[in-house]
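Before any comments, here is the structure.
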Amino acid sequence: MSSTISKCFWRGFRDGLPFLLVVGPFSVLFGVVAAEAGLNVIEALSFSVVVIAGAAQFTAVQLLQDDAPTVIIILSALAINLRMAMYSATLTPHLGKAPLWQRAFVAYFLVDQSFALSAAKYEKERGWSTAQKIAYFFGTVTPICPMWYVLTVVGALIGNAIPPEYALDFALPITFLAMIAPMLRSLPHLAAAAVAVTASLVFSGLPLNLGLLVAGVLGMMTGARVELWTTAKQKEALA
């Protein structure tokens, strides 16, 4: 069994390695942006270690630069990270029987990449035990999270030394496209994505990135409503 668990860990590790191509530039860019916002190296690193959520970190730092009220910064970061609650609900049937200390670490290291890889793998490997699933999960984050910390420091140290033509900000949209696109397989997912994208464009003119909050809420409401509708239709068909 220990050999099998080890294999699951290293499989997760190998699956997580390609994400370094986008996590690397993304974390360096955050370090640069944090330095430009007035954070020192320790503060930038602490931000990455404590929050460990790139999109929320970028949003918070941008709002800090815009002198937004603290409550708006917190609400914006929380709204962006609401997806973590959905991630948790998805993984609970697979990892809910793990010991509390393992689930605590899973909660901390639950990032977009570890969720996307684990959710897809668990669907394929339905015979895996909880221990095997835990091993795979931690395998996925082993190459990703330490690199996020280290390169945040690098970005904070080098700051404006990176030429703007390198366009490191490409990492953010590419990362989310790579993770989200394969998941848009059902009508609720497609409806939620369509409404969220449309709403984000319609409300882009709202101050302090409030359009993002509105779009996120509308997207989740749409997805939940369509999910209820499709479930009811399926029950009618079976009746």
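Predicted model only: the values in this text are computed from it and were never measured.
Without hydrogens or angle criteria, E123 side chain to A120 main chain gives no donor-acceptor distance under 3.5 Å. Looking at S88, its side chain never comes within 3.5 Å of a backbone N or O of M84 through a donor-acceptor pair. Looking only at distances, no side-chain donor or acceptor of T198 sits under 3.5 Å from a matching main-chain atom of V195. Checked by atom type and distance alone, the side chain of S200 pairs as donor or acceptor with a backbone atom of V197 at under 3.5 Å. Side-chain atoms of T130 never come within 3.5 Å of backbone atoms of G96 as a donor-acceptor pair (strictly under, hydrogens ignored). In terms of modelled atom types and a separation under 3.5 Å, the side chain of Q57 and the main chain of A53 share a donor-acceptor contact. The main-chain N or O of S129 is found under 3.5 Å from a side-chain atom of Q132 such that the two form a donor-acceptor pair.
Taking all atoms of both residues into account, the shortest heavy-atom contact from C145 to I52 is SG-CD1, 3.7 Å.
Checking each of I42, V41, I158 against V153 for a side chain to side chain contact (heavy atoms under 4.5 Å, CB included) leaves exactly one that passes, namely V41.
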* Quick one: do V111 and S114 satisfy side chain to side chain contact (heavy atoms under 4.5 Å, CB included)? Show the steps, please. => CA-CA 5 Å; V111 294; S114 62; 3.5 Å; yes

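Counting only heavy atoms from C-beta outward, the side chains of V49 and Y149 approach each other to under 4.5 Å. In this structure the side chain of L110 reaches within 4.5 angstrom of the side chain of F137, judged on heavy atoms. At least one side-chain heavy atom of E125 sits less than 4.5 Å from a side-chain heavy atom of R11. Residues T152 and F47 form no side-chain contact, since every pair of their non-hydrogen atoms from C-beta on lies 4.5 Å or further apart. For the pair D15 and K121, the minimum side-chain heavy-atom distance is below 4.5 Å. Side-chain contact between F109 and I144 is absent, with no heavy atoms from C-beta onward closer than 4.5 Å. The shortest side-chain heavy-atom distance between W128 and T4 does not fall under the 4.5 Å cut-off. The shortest side-chain heavy-atom distance between F30 and L151 does not fall under the 4.5 Å cut-off.
Under the 3.5 Å distance criterion, with hydrogens and angles disregarded, a donor-acceptor pair is assigned to the side chains of W148 and S48.
The aromatic rings of W101 and F105 lie perpendicular to each other, with more than 60° between the two planes, well past the 30° mark.
Less than 6.0 angstrom separates the ring centroid of F58 from the ring centroid of F26.
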